[in-house]
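For reference, the structure is listed below as structure tokens.
Quick note on labels: first sequence line is chain A, next is B, and so on, each numbered from 1.
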Amino acid sequence: MSPAASRRWLIGDSLDVAPLLLGCLLQSDVDDVRVTVRLTEVEAYGGPGLDPDSHTFRGKTPRNLVMFGEVGHLYVYFTYGMHWCANVVMHDDGGVGAALLRAGEVVDGVEIARQRRPGSRDRDLARGPARLTRALGIDGRLNGIDLYGPASPIRLIRRPAEAGSVVVTGPRVGVHDPRPWRFSLDHPTVSPYRPAKPRRQG
DNA sequence: GATATGATCACCT
DNA sequence: GGTGATCATATCG
């Protein structure tokens, strides 16, 4: 399948496409070692209408540029002074949006993931967005890469969730918007829910 | 140029 | 359950 055909399933509102990521494989060959994760938790951002919690809410900037670009690319950003988070770009033609990769189960390269996250229990290796990027060796160097490029160090392999698996929905973690744009499987690698920090003078 | 804050985690109690 | 770590980005002056 050509790259153009391979990425086509990512065209659509992030709200609709994000849950399709559940069960898919994210395969990393960063630093010449392979770690593969089966995605168990994602969140949609920049979906239909206004999403105040999306990095794109205030328009195009150098940082969020990738989210406006071609679907199937990786948007990587740095936060809290020490963490990297990764998103898969997905949106309607001419639109903007992405899905934050929040958690996964390491299904290949467990030894490598353990080295990258010493002390973690196996279920915690990619449990949380920053842990996931660390387990896979993802950092700012990989911002904007094409997950369907012929020589891409990171690939997204489409795979349906197991038959009979339940998709859990709920509010996104750490934001004020109550809309249920978080999607997860019923699996121990899913990160715990944490409400947004209350705002001053509500 | 200065400042506030964040799509978090690890470690403590 | 609470807190410290630590810095890019956006926004304001």
Side-chain angles (χ1 to χ4, degrees), chain A residues 10 13-15 17-19 21-22 26 35 37 39-69 73-91 95-106 113-144 156 168-185 188-202:
Chain A
L10 295 168
D13 287 340
S14 59
L15 191 50
V17 178
L21 288 173
L22 297 175
L26 195 65
V35 175
V37 155
L39 297 173
T40 58
E41 181 189 358
V42 301
E43 287 176 355
Y45 279 89
L50 295 178
D51 179 6
D53 296 297
S54 172
H55 288 174
T56 58
F57 182 60
R58 292 168 200 283
K60 205 181 279 190
T61 69
R63 177 211 206 186
N64 65 29
L65 198 58
V66 174
M67 278 181 74
F68 290 82
H73 287 241
L74 197 67
Y75 169 47
V76 182
Y77 69 89
F78 189 67
T79 191
Y80 288 96
M82 59 191 88
H83 298 305
W84 295 100
C85 294
N87 304 247
V88 173
V89 175
M90 54 180 65
H91 49 66
V96 56
L100 171 67
L101 306 178
R102 286 200 55 91
E105 172 191 14
V106 177
R114 286 182 188 140
Q115 286 173 28
R116 286 173 170 162
R117 300 194 35 75
S120 276
R121 303 166 55 179
D122 281 0
R123 74 143 66 159
D124 292 333
L125 286 173
R127 188 181 192 224
R131 293 167 170 177
L132 182 144
T133 55
R134 184 146 193 93
L136 293 172
I138 295 175
D139 62 21
R141 296 172 302 171
L142 298 169
N143 184 37
L156 178 61
V168 181
T169 65
R172 293 172 292 181
V173 172
V175 302
H176 294 85
D177 190 314
R179 290 177 288 188
W181 289 3
R182 178 184 188 220
F183 307 95
S184 57
L185 300 175
T189 58
V190 173
S191 68
Y193 178 71
R194 181 175 47 73
K197 199 163 48 170
R199 282 178 152 170
R200 290 186 47 178
Q201 292 294 329

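The environment of CZ in Arg134(A) is sparse: at most 12 heavy-atom neighbours from other residues, nucleotides or ligands sit within 6.0 Å.
For Leu132(A) and dA10(B), the CG to P distance is 13 Å, given to the nearest whole Å. Distance, Arg117(A) CZ to dT8(B) P: 14 Å, rounded to whole Å. If you measure from atom CZ of Phe57(A) to atom P of dT9(C), you get 20 Å, rounded to the nearest angstrom. Straight-line distance from the CG atom of Asn64(A) to the P atom of dG6(B): 17 Å, rounded to whole Å.
Aromatic pair Phe78(A)/His83(A): ring centres not closer than 6.0 Å.
Looking at heavy-atom distances under 4.0 Å, Arg172(A) makes no contact with the nucleic acid at all. Here Arg182(A) lies out of heavy-atom contact (under 4.0 Å) with every strand.
Residues Leu101(A) and Thr133(A) have side chains not in contact (no heavy-atom distance under 4.5 Å, counting atoms from C-beta outward). Side-chain contact between Trp84(A) and Thr79(A): absent, with no pair of heavy atoms (C-beta onward) separated by less than 4.5 Å. Counting only heavy atoms from C-beta outward, the side chains of Arg131(A) and Ser191(A) never approach each other to under 4.5 Å.
As the counterpart of dC12(C), dG1(B) is assigned, both hydrogen-bonding distances of the Watson-Crick or G-U wobble pattern falling under 3.5 Å. Nucleotide dA7(B) forms a pair with no other nucleotide shown, judged by Watson-Crick or G-U wobble geometry with both contacts under 3.5 Å.
Looking at Glu43(A), its side chain never comes within 3.5 Å of a backbone N or O of Phe183(A) through a donor-acceptor pair.
Between Arg58(A) and the phosphate of dA10(C), there is no side-chain N or O to OP1/OP2 separation shorter than 4.0 Å. Of the side-chain N and O atoms in His55(A), one or more sit less than 4.0 angstrom from OP1 or OP2 of dA7(B). Between Arg194(A) and dA7(B) there is no side-chain polar atom (N or O) within less than 4.0 angstrom of OP1 or OP2.
Considering only the side chain of Val173(A), dT8(B) comes nearest among dT8(B), dC9(B), dA10(C).
With DNA chain B read from its 5' end, the first of the two nearest nucleotides for Arg131(A) and Leu100(A) is the one closest to Leu100(A).
Within residues 75-88 of chain A, the residues having any heavy atom closer than 4.0 Å to DNA chain B are, in order of number, Tyr77(A), Tyr80(A), Gly81(A), His83(A), Asn87(A).
Salt bridge absent: Asp53(A) and Arg179(A) never bring a charged side-chain N and a carboxylate O closer than 4.0 Å.
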